Amino acid sequence: MPHSKLIADLEAAFEAHDDSSDNSHDINHARRVMRSALEIAAGEGGGNQRVIIAAAYLHDWINLPKNHPDRARASTLSAEAARPILESLGFDEAEREAACHAIVAHSFSAGIAPETLEAKALQDADRLEALGAIGLARTFAISGQLGSSLFDGEDPFAVNRPLDDKRYSVDHFEVKLLRLPETMQTSMGRQLADRRADVLRRFLADLAEELGAALPQGARG
Amino acid sequence: MKNNHVIWDWNGTLLDDFAITAQITADALAELGRPGVTPEMVREHYRRPLSEYFSALLGRTARPDELRHLGEAYERNYDPAMHGLPLAIDALDALSTLAERANQSLLSMAPHGQIEQLIEHHGLGSHFTLVQGFTGTGHPTKRESLERHCETLDVNPRACWLIGDTVDDFAAAAPLGVRTALVTTGMQGRDALLATGAPVFDSLADAAGHILNA
């Protein structure tokens, strides 16, 4: 497999660093992001695979909870932490800068636009992780960590109340998840995101049926 | 059953030699026309390669003859003083604490002969299954040395911890799967160590406790 030594080194670094406290950002998340980012980049013309692979494994190195006050700086801190690792792995300065830019720009919270194909592919790949069957599993895992409720039993789809995704996980679908496809940076990422958003819509429709509640028009897509 | 192996760094970690190292550097820089370098500045600017570290302290790119002067000043002043340097205050406690649950070895990039002398001087030999300093020529990275160290020990790097005092220690260990505990007793300041994402401690005893509880 191409880059097998690089991947082995990054897996070793990841596992040495990971304290197993966050199963939605475990090594399987890093592997999926790497595969999706490589697929997206290949569909968009290529990109530097070494940069994409390293950025995928290191993008959440400093992983702060979503309600942490320094959350917006997590990707910047991850990029800083990545530099000595990348140097140790033999990345030259240009590759280090490219990987660090991708790491910084991958995050919603950082508010930094990705400027390279590698950075765009990484951001799209990471956002895909919030969609589809994986996204469903991760959404409820993260809401469990944050102590959120699954949904409002009286008004599950916020027909007669403001959306509140800090309190109700299902509200997060409308607040953020179903809007992700339009934020994708690449056409390949957009295609994949549209398919995976349909999984969420089907889930909401099934949930509405089980609850005997009406699903608002917007959530049907 | 000892499932862990702990690899110790020497300078700035087990050996309390930051003060003299900083002083030698400050004196040599003063001779090059850059007086007033403080220990805090040393910790703030320390990095590898050393040419970048010295350039940062000088405030400009260090010339080859200046780098040679700094290297010679270190050799001239450190060697005569090294037998008078103390161990870190809790070094023996940390070594003893870890000995109950881990095998331990020492890996340093300082000359092997110097390390051997100091280990014997401090009576530490019985704590370590292997003591390795730098023996070759050229400038191998700490990562290469650490990889060989694990091979010589015949231990899986993923079962190892490295206790060190620099970002370089972290960068050497991470791609090998060696977990790192960093201490603020040596060459690098807390902020730089924290930026690695590795756990950072103010004492060897705290680092040892973390490893035992991990």
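Quantities reported herein were computed from a predicted structural model and do not represent experimental measurements. Lettering of chains follows the sequences in order, A, B, ..., and the numbering in each one begins at 1.
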Is chain B contacted by the side chain of Ile62(A), its backbone, both, or neither, given a heavy-atom distance below 4.5 Å?
-> side chain
Output the option from Ala173(B), Ala214(B), Ala192(B), Gly177(B) having the highest count of non-hydrogen pairs under 4.5 Å with chain A.
-> Gly177(B)
Nearest non-hydrogen partners of Arg179(B) and Ala16(A), listed with the distance | CG-O, 3.1 Å
CZ/Arg83(A) to OG1/Thr196(B) distance, rounded to the nearest 0.5 angstrom?
-> 14.5 Å
Heavy atoms only: give me the nearest Ala81(A)-Ala195(B) pair and the separation to one decimal.
-> CB-O, 2.9 Å
Decide if atom CZ of Arg71(A) counts as having more than 12 heavy atoms of other residues, nucleotides or ligands within a radius under 6.0 Å.
-> yes
Leading residue by heavy atom contact count with chain B [cutoff under 4.5 Å; candidates Glu87(A), Glu80(A), His17(A)] = His17(A)
Provide the closest heavy-atom pair for Gly197(B) versus Trp61(A) in the form atom of the first, atom of the second, distance.
-> CA-NE1, 4.2 Å
Considering non-hydrogen atoms only, spot the tightest contact between Arg158(B) and Glu15(A) and give its length.
-> NH1-OE1, 2.6 Å
When rounded to the nearest 0.5 angstrom, what is the spacing between CD in Glu144(B) and OG in Ser88(A)?
-> 9.0 Å
Crowding at CD1, Ile89(B) (>12 non-hydrogen neighbours, <6.0 Å) = no
Does the distance from a Lys or Arg side-chain N to an Asp or Glu carboxylate O, for Asp9(A) and Arg143(B), drop under 4.0 Å?
-> yes
Contacting region of Ala8(A) [heavy-atom separation from chain B under 4.5 Å] | backbone
In terms of heavy-atom contacts, does CZ of Arg138(A) have more than 12 from other residues, nucleotides or ligands at under 6.0 Å?
-> yes
